[in-house]
Amino acid sequence: SQTIHQWPATLVQPVGSPLSLECTVEGTSNPNLYWYRQAAGRGLQLLFYSVGIGQISSEVPQNLSASRPQDRQFILSSKKLLLSDSGFYLCAWRRQGASETQYFGPGTRLLVL
Amino acid sequence: DQQVKQNSPSLSVQEGRISILNCDYTNSMFDYFLWYKKYPAEGPTFLISISSIKDKNEDGRFTVFLNKSAKHLSLHIVPSQPGDSAVYFCAASQRANDMRFGAGTRLTVKP
């Protein structure tokens with residue numbers, strides 16, 4: 001069966017500090033991978049998606065970036081965090097060529113102070 | 001822009017009764033619709049989906065109804081249980097890698 005991991009679970013960072021959130025998927029090959037953010041009281045906003053190693057599509061321009069160094073690894077980064085980057089970050093995967101259902105990881109709660 | 005809307009931020013029902021969660025969308029090109037359930041501090045869990053060629057899909061206590069002419073989607077939970085208490089997100093997609101989510105509805109099922 002497939003499993004998706006995210007870490008850390010919780011992170012408190014000062015404004016201006018860098019960020020690195022990691023997501024890995026087990027039990028599948030060549031998945032589509034996604035980063036979402038849920039701000040307080042809001043729905044899920046798609047930030048980035050990737051259909052393969054080194055292939056990143058950005059949905060929302062901002063100070064975040066994503067990378068996919070390995071088939072089942074997806075990283076969300078920032079060089080300098082803003083207060084508005086606080087939120088709940090979710091990684092998701094989808095099997096390529098299958099239904100459009102995405103499966104989510106446990107999430108990382110980020111608080112920028 | 002909010003292409004998927006869940007206008008009720010919260011819903012409270014009695015255990016054993018029916019819960020009806022509603023969702024409206026504006027993009028007629030959406031062809032795949034999903035419901036996710038989310039507990040606090042956890043990722044959303046896929047619940048049920050429906051493609052635009054159907055108007056109903058049932059899975060146990062959960063049934064999703066799609067009214068394309070009204071651009072309306074609903075999730076029925078019968079009978080409701082206290083463990084169903086969570087935030088429910090509606091999502092819609094018109095092509096792979098482009099899924100839009102509603103803001104969520106918090107369901108509380110009272111014992």
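Owing to the predicted nature of the structure, the values given are computational and were not obtained by experimental measurement. Just so you know, these numbers use all the heavy atoms, side chains as well, and skip hydrogens, waters and symmetry mates. Below, chain A is the first sequence line, B the second, and so on; all start at residue 1.
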Would you kindly say whether A:Tyr103 and B:Thr45 are connected by a side-chain donor-acceptor distance under 3.5 Å?
-> no
Taking everything shown except B:Lys5 itself, do over 12 heavy atoms lie less than 6.0 Å from its NZ?
-> no
Treating Ile, Leu, Val, Met, Phe, Trp and Tyr as nodes and any side-chain heavy-atom pair under 4.5 angstrom as an edge, say whether A:Val15 and A:Leu110 lie in one connected cluster.
-> yes
Would you mind checking which part of A:Leu44 comes under 4.5 Å of any heavy atom in chain B, side chain (CB onward), backbone (N, CA, C, O), both or neither?
-> both
On a heavy-atom basis, the closest approach of B:Phe89 and A:Gln38 is CZ-NE2, 3.3 Å
Is B:Arg17 atom CZ crowded by more than 12 heavy atoms from other residues, nucleotides or ligands, each under 6.0 Å away?
-> no
Pairs flagged by ring pair (Phe, Tyr, Trp, His ring centres under 6.0 Å) wherever residues 51-70 of chain B is involved - sequence neighbours left out | B:Phe65-B:His76
Hey, are the side chains of A:Phe88 and B:Lys38 touching, using non-hydrogen atoms and a 4.5 Å cut-off?
-> yes
Would you please test A:Phe104 and B:Phe46 for ring-ring contact (aromatic ring centres under 6.0 Å, His included) and show each step?
-> CA-CA 8 Å; A:Phe104 287 83; B:Phe46 169 70; over 10 Å; no
Throw together a table of side-chain donor-acceptor distances under 3.5 angstrom for residues 75-82 of chain A, partners on residues two or more places apart or in other chains.
| residue | atom | partner | partner atom | Å |
| --- | --- | --- | --- | --- |
| A:Ser78 | OG | A:Asn63 | O | 3.3 |
| A:Ser78 | OG | A:Asn63 | ND2 | 3.3 |
| A:Ser78 | OG | A:Lys80 | N | 3.3 |
| A:Ser78 | OG | A:Lys80 | O | 3.4 |

Please check if the distance between the ring centroids of B:Phe101 and A:Tyr36 is under 6.0 Å.
-> yes
Which distance, rounded to the nearest 0.5 Å, do you find between the CZ of B:Arg100 and the CD of A:Gln45?
-> 9.5 Å
All heavy atoms of B:Gly43 vs all of A:Leu90, minimum pair found to be CA-CD2, 3.5 Å
